[in-house]
Number of protein chains: 2
Amino acid sequence: MSSSLPPSTETPAAAPAPGPAFSPLYQQIKGLILQSLEAGEWRPGELIPSEMELAARFRVSQGTVRKAIDELAAENLVMRRQGKGTFVATHSAQQVQYRFLKLHPDTGDVQEEGRAQRRIIDCKRVRAPAEIARLLSLRSGDAVMQVRRVLAFVGTPTILEDIWLPGQAFKGLTAEQISAYQGPTYAMFEVEYGVRMVRAEEKIRAVLPDAEQAELLQVSTSTPLLSVERVAYTYNDVPMELRRGLYLTDTHHYRNALN
Amino acid sequence: MSSSLPPSTETPAAAPAPGPAFSPLYQQIKGLILQSLEAGEWRPGELIPSEMELAARFRVSQGTVRKAIDELAAENLVMRRQGKGTFVATHSAQQVQYRFLKLHPDTGDVQEEGRAQRRIIDCKRVRAPAEIARLLSLRSGDAVMQVRRVLAFVGTPTILEDIWLPGQAFKGLTAEQISAYQGPTYAMFEVEYGVRMVRAEEKIRAVLPDAEQAELLQVSTSTPLLSVERVAYTYNDVPMELRRGLYLTDTHHYRNALN
DNA sequence: TAGTGGTCTAGACCACATA
DNA sequence: ATGTGGTCTAGACCACTAC
């Protein structure tokens, strides 16, 4: 940030050196708000200060704060509600529950989705294999929590998931904790571990299950399945979860909107 | 639109009756610009009038036009370029070529993507079966153009596509025309048929190919493939293309960003 | 009634592109 | 030098929410 805040008499660093080093005022404000979100000054679901208050705090006009918040809202980091204020986004919010779940029933049926029946197969602390570590930006052998579970819709096993979480941040995670929690797992991560996932990337393939996977999903080893590898990130593009899912797509499909 | 343009003294309709019937001024302006885009007043790739000109035309402030254009830009309907102006988006633009193609090589290799070798298997005019007609909002038996082709990357057949297009809008489409055209097929649709696809929806499954499909992709019938059904829409949510693809995902994957 | 975000305007200056 | 979009400000009014 080289441009200074308005009433300040601060001088921009003499030689802006190599990088871009410039950014519009509203981007700088956005960065500051982001820092507060990251630091937990306002927690998921909480009201953040009004635009006027933030404008006063940062010594800029309301319009500048507004543009910063506009971008944060576009990235789903905060949620605006007219007449009430701006809230820190949360995976607990009804409107955005299961944001990252793109598997939908073929029948446009009502959200059976939240009603998934979960069966935890396994939940243990292990040393991260090289590939898992790489995807989570950890070192090989670092501790990670590993969870395996099956999600069933209307009694039919449909998703087999393996989840890896950094051991440090998710110390103490148990199968009981996961099964006990109602609602999205990502909401539990916010409440129990203070970790908020803000975006994710998925790589999708078609595969055949091995014998163990097939048995857990109660299908044959010649049933084609969707393989979905997801890396979920918290603030600052820090990866905090690796999830490998196998989706049965005979009664469901992965839905994607292209814009 | 019930709210009036500024200099007018018009009163909002007394009883707002049933519907919403209201929309902010900038939304109305957005709608007017959209109409011009739709009507072809400015064609894909062309410069649209400056914000000041549009403000004068519609008798609103530049800021209001700006907000309208902001939304159009966010929806990829126009593209802003500082210092130059605002352009009608086009699938020909280098930056957004193959926007709708989410299949990427596993090696983060340079865009081999455009370099796909295309082989047209078939291109004919047929009567739409019920399901195809439904997805294209046509009547069963209406004429549609049907294209089948194989895309190969570095010599390896990877995508088998069946494409259906409304016969009326795409009258005269030939295999030669498709193979002759360099660049995205969607760019050709703009140039040759004046049809611009603005968004699309995909449903993805894992499937096994039938004998014919397997042969065209040079794989066995037990090779799991990604089935991607895409409906592409032009302005006003009018469906203009149905595309069913089978993707070989041993060296490629479907990449998706979740926000 | 008071406070919030949402809309609209107007004017100033900046950064970029082109001639 | 000119014109474009990009940023920033300031002030006014509207619509929604809560008390």
Side-chain angles (χ1 to χ4, degrees), chain A residues 1-8 12 16 20-33 42 46-74 77-89, chain B residues 1-13 16 19-33 42 46-74 77-89 95:
Chain A
M1 305 184 196
S2 78
S3 65
S4 53
L5 300 178
S8 155
F22 293 105
S23 83
L25 191 46
Y26 76 88
Q27 287 284 3
Q28 301 175 43
I29 302 304
K30 181 183 169 189
L32 293 172
I33 297 174
W42 318 298
E46 281 184 10
L47 184 64
I48 75 172
S50 75
E51 297 179 350
M52 289 303 282
E53 280 179 272
L54 290 171
R57 183 207 287 203
F58 299 128
R59 315 280 198 87
V60 298
S61 77
Q62 186 201 14
T64 300
V65 171
R66 175 177 296 268
K67 184 145 189 185
I69 293 179
D70 279 347
E71 291 206 351
L72 293 171
L77 293 171
V78 300
M79 223 188 45
R80 325 187 75 142
R81 285 209 263 162
Q82 185 173 137
K84 302 192 72 171
T86 300
F87 299 78
V88 181
Chain B
M1 304 183 199
S2 79
S3 66
S4 54
L5 299 178
S8 156
T9 56
E10 189 186 316
T11 311
F22 292 105
S23 85
L25 190 48
Y26 77 89
Q27 286 285 3
Q28 300 175 44
I29 302 303
K30 180 183 169 189
L32 293 173
I33 297 175
W42 318 299
E46 280 184 11
L47 184 64
I48 74 171
S50 75
E51 297 179 348
M52 289 302 284
E53 280 179 274
L54 290 170
R57 184 208 285 202
F58 299 128
R59 313 281 197 87
V60 298
S61 78
Q62 186 202 13
T64 300
V65 171
R66 174 177 298 267
K67 183 144 189 186
I69 293 179
D70 279 346
E71 292 206 349
L72 293 171
L77 293 171
V78 299
M79 222 187 46
R80 324 188 75 142
R81 285 209 265 164
Q82 183 173 135
K84 302 190 71 170
T86 300
F87 299 78
V88 181
Q95 317 158 305

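Below, chain A is the first sequence line, B the second, and so on; all start at residue 1.
- Rounded to a whole Å, the CD atom of Q27(B) is 15 Å from the C1' atom of dA15(D).
- Annotation: side-chain hydrogen bond (donor to acceptor under 3.5 Å, both in side chains) contacts of T64(A) (sequence neighbours excluded): S61(A).
- The shortest distance between the side-chain N/O atoms of R80(A) and the OP1/OP2 oxygens of dG6(C) is below 4.0 Å.
- Taking only side-chain nitrogens and oxygens, K84(A) comes nearer than 4.0 Å to OP1 or OP2 of dA18(D).
- OP1 or OP2 of dG5(D) sits under 4.0 Å from a side-chain N or O of T86(B).
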Could you walk me through whether Y26(B) and V60(B) pass the side-chain contact (heavy atoms from CB on, under 4.5 Å) check? CA-CA 9 Å; Y26(B) 77 89; V60(B) 298; over 6 Å; no

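- R59(B) has its CZ atom 17 Å from the C1' atom of dC8(C), to the nearest Å.
- Looking at residues 65-73 of chain A, you'll see K67(A) sit with a heavy atom under 4.0 Å from some atom of DNA chain D.
- Within the 4.0 angstrom heavy-atom criterion, only backbone atoms of the sugar-phosphate kind lie near E51(A); the bases stay farther away.
- Partners of R80(B) by side-chain hydrogen bond (donor to acceptor under 3.5 Å, both in side chains), not counting sequence neighbours, listed by chain and number: E51(B), D70(B).
- We find that CZ of F58(A) is positioned 18 Å from C1' of dT9(D), with the value rounded to whole Å.
- In this structure, the side chain of Q28(B) engages the main chain of S23(B) through a donor-acceptor pair within 3.5 Å.
- Atoms CD (Q62(B)) and C1' (dC13(C)) sit 13 Å apart, rounded to a whole Å.
- Following rounding to the nearest Å, I33(B) (CD1) and dG5(D) (P) show an atom-to-atom distance of 11 Å.
- Listed nucleotides: dT9(D), dT4(C), dT7(C). Nearest to the side chain of S50(A): dT4(C).
- Here the P atom of nucleotide dA10(C) and the CE atom of M52(B) are 10 Å apart, to the nearest Å.
- Look at S61(A) and you won't find any side-chain N or O under 4.0 angstrom from OP1 or OP2 of dC8(D).
- The distance between atom CD of Q82(B) and atom P of dT2(D), rounded to the nearest whole Å, is 20 Å.
- Under a 3.5 Å cut-off, the side chain of Q27(A) and the backbone N or O of P24(A) do not form any donor-acceptor pair.
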Evaluate I69(A) against L54(A) for side-chain contact (heavy atoms from CB on, under 4.5 Å), listing each step before the verdict. CA-CA 10 Å; I69(A) 293 179; L54(A) 290 171; 4.0 Å; yes

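- Between L54(A) atom CG and dG3(C) atom P there is a gap of 17 Å when expressed in whole angstrom units.
- For the atom pair CZ (R59(A)) and CG (L25(A)), the distance works out to 13.0 Å, reported to the nearest 0.5 Å.
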